[in-house]
Number of protein chains: 2
Amino acid sequence: MDSRDWQIVRSTPLFGTMPQDVALSLIGSQPVRSYEKGTTLFQQGEPASSFFVILDGWVKLFRITPDGNEAVVGVFRRGESFAEAAIFLGGRYPVSAEAVTSTRLARIDGELLRRRIREQPDLALAMLASSSHHLKSLVEQIEQIKLLTAQQRLADFLVNLAPANEGSCVIELPYEKALIASRLGMKPESLSRALAKLRPLGVSVDRETVSIVDVDLLVRFVEASPRDDEGF
Amino acid sequence: MDSRDWQIVRSTPLFGTMPQDVALSLIGSQPVRSYEKGTTLFQQGEPASSFFVILDGWVKLFRITPDGNEAVVGVFRRGESFAEAAIFLGGRYPVSAEAVTSTRLARIDGELLRRRIREQPDLALAMLASSSHHLKSLVEQIEQIKLLTAQQRLADFLVNLAPANEGSCVIELPYEKALIASRLGMKPESLSRALAKLRPLGVSVDRETVSIVDVDLLVRFVEASPRDDEGF
DNA sequence: CGCGGCGTTGATCTCTGTCAATACTTGTGG
DNA sequence: CCACAAGTATTGACAGAGATCAACGCCGCG
């Protein structure tokens, strides 16, 4: 782990608030590992001994049903941590994880973390904040699936990717469209069509490059009732 | 708070694992309050100073969009705690809460809890476990909405209400059908139809009383791929 | 060049939401 | 006690969103 990596770790809400030496003792001893695209990091139901911070790349969390269908419940990027919760859940991962690009991860040992929490109560508050943050994003995801159309969910996804929340911009899709589709709770075909239907709102696509004429227009489209899209 | 209430509090994963005196100091000083059906407990965006344990009744958590649509993200009952996460999330509730029946709640002060966590690190682990548990149930909810049909979600809901996971049983629906519908991510009309379509699987309904011939049949229906319901 | 992975497009079908009409239940006031 | 109103659940007709199945285009790669 070089200083660039360390900087990333310290930028997370979890490791950014704790004293430097505590963070070092948690993460320093563990080697950073690289994973190829497509590597399974852990599987749902597996004993959970540790959690991760992403130093580079993208990771997806998903659930698999008995018949093989898959639901993506989160996609994380550099600077984000995941699977913290598993440590406290009877020690089993409730989801599976896979590297969707080639990836570098720092692994934090769960038992060590629990010991540190006992010695260092502020650490617990940081963990709770981090866990609460994940909770909130899941709630938002549920809200989205339940009351937005596929087009609106996609528009929201693009808005969150955009650097500013007004004016025009050009963004690169961070990972495969099939994964974006799954993340947004739809099929790849539907994503394709949804993208096409956003054209009148100033969204044009070429490969993985998306140009947005006016981000604010998209924001207003997302906030509109699913039904009154006449005006657009 | 009588001894029956106290027993309920101690039955929660959160308050059950901590030393008795700590639990008492957290909860004992706060008066138990009663709320009528329909009472708003707090609203999304409001400053969050405390969280709750349900001593009696049912509470729903939901999100409201600018245009008034509502998505239920959880329904809790006696012995469950809710809104713990808000305490650690910059102090604002990310959801709204309402009593769906007449309800009695114990309120726990957030600032007090934070202080206790600093003194009592084991408390932090209990909080983390509780929070992780909520996280897991949200993940499961997302999975359900994303890859089960309305009928399957309903079947799953009934199965979770049933006392055993095989054989026959009779259960009472715990709250209004409109709320069940919203909790399951569908409209009341769809719930009605989904119930009707479960009849061939041995589910019959009268008012709020549901009779199930064979719970295991429902379980297998939920686990089947959404499409191959031919056999049923 | 041919092959395989990924994405798009088209035709069709199914599910669920919407709108409207109709019981049924409960509570209220005459 | 009945009439009436309001809230809740069911049912029907219809429309729209999204899934499915299939075909095709595009691109990178051996």
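Residue numbers begin at 1 in each chain, while the letters A, B, ... track the order of the sequences.
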S.K.: Applying ring-ring contact (aromatic ring centres under 6.0 Å, His included), which residue pairs with at least one partner in residues 59-79 of chain A are found, sequence neighbours left out?
M.R.: Phe76(A)-His134(A)

S.K.: Starting at atom NZ of Lys146(A), determine the distance to atom P of dG17(C), rounded to an integer number of angstrom.
M.R.: 11 Å

S.K.: Would you check, one step at a time, whether the test side-chain contact (heavy atoms from CB on, under 4.5 Å) holds for Phe52(B) with Val59(B)?
M.R.: CA-CA 10 Å; Phe52(B) 302 87; Val59(B) 171; over 6 Å; no

S.K.: In this structure, how many angstroms lie between the C1' atom of dC15(C) and the CG atom of Leu147(B), rounded?
M.R.: 16 Å

S.K.: Test: side-chain hydrogen bond (donor to acceptor under 3.5 Å, both in side chains). Region: residues 42-56 of chain A. Which pairs qualify, not counting sequence neighbours?
M.R.: Ser50(A)-Arg107(A)

S.K.: Which letter, B, S or -, goes with each nucleotide of nucleotides 9-15 of chain D from 5' to 3', with contact meaning a protein heavy atom under 4.0 Å?
M.R.: SSBBB--

S.K.: Rounding to a whole Å, what distance do you find between Asp206(A):CG and dC26(D):C1'?
M.R.: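 Going from CG in Asp206(A) over to C1' in dC26(D) covers 12 Å.
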
S.K.: How many whole angstroms separate atom CE of Met186(B) from atom P of dT18(C)?
M.R.: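 Rounded to the whole Å, the gap is 14 Å.
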
S.K.: For Leu148(A) and dA17(D), what is the distance between atoms CG and P respectively, to the nearest whole Å?
M.R.: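 From Leu148(A) CG to dA17(D) P: 14 Å.
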
S.K.: Which salt bridge (Lys or Arg N to Asp or Glu O under 4.0 Å) pairs, counting each pair once, include a residue from residues 186-195 of chain A, with sequence neighbours left out?
M.R.: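 Residue pairs with at least one partner in residues 186-195 of chain A: there are none.
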
S.K.: Tell me, which pairs form a side-chain hydrogen bond (donor to acceptor under 3.5 Å, both in side chains) where one or both residues lie in residues 164-177 of chain B, sequence neighbours left out?
M.R.: Lys37(B)-Glu176(B), Glu172(B)-Thr209(B)

S.K.: For Thr65(A), which residues count as a side chain to side chain contact (heavy atoms under 4.5 Å, CB included) partner, sequence neighbours excluded?
M.R.: Asp67(A), Asn69(A), Glu143(B), Leu147(B)

S.K.: How close or far is atom P of dG17(C) from atom CG of Leu184(B), stated in whole angstroms?
M.R.: 11 Å

S.K.: Give the rounded distance in Å between these two atoms: NZ of Lys197(A) and P of dG10(C).
M.R.: 13 Å

S.K.: Atom CD1 of Ile145(B) and atom C1' of dT16(C): how far apart are they, to the nearest Å?
M.R.: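 Between C1' of dT16(C) and CD1 of Ile145(B): 14 Å.
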
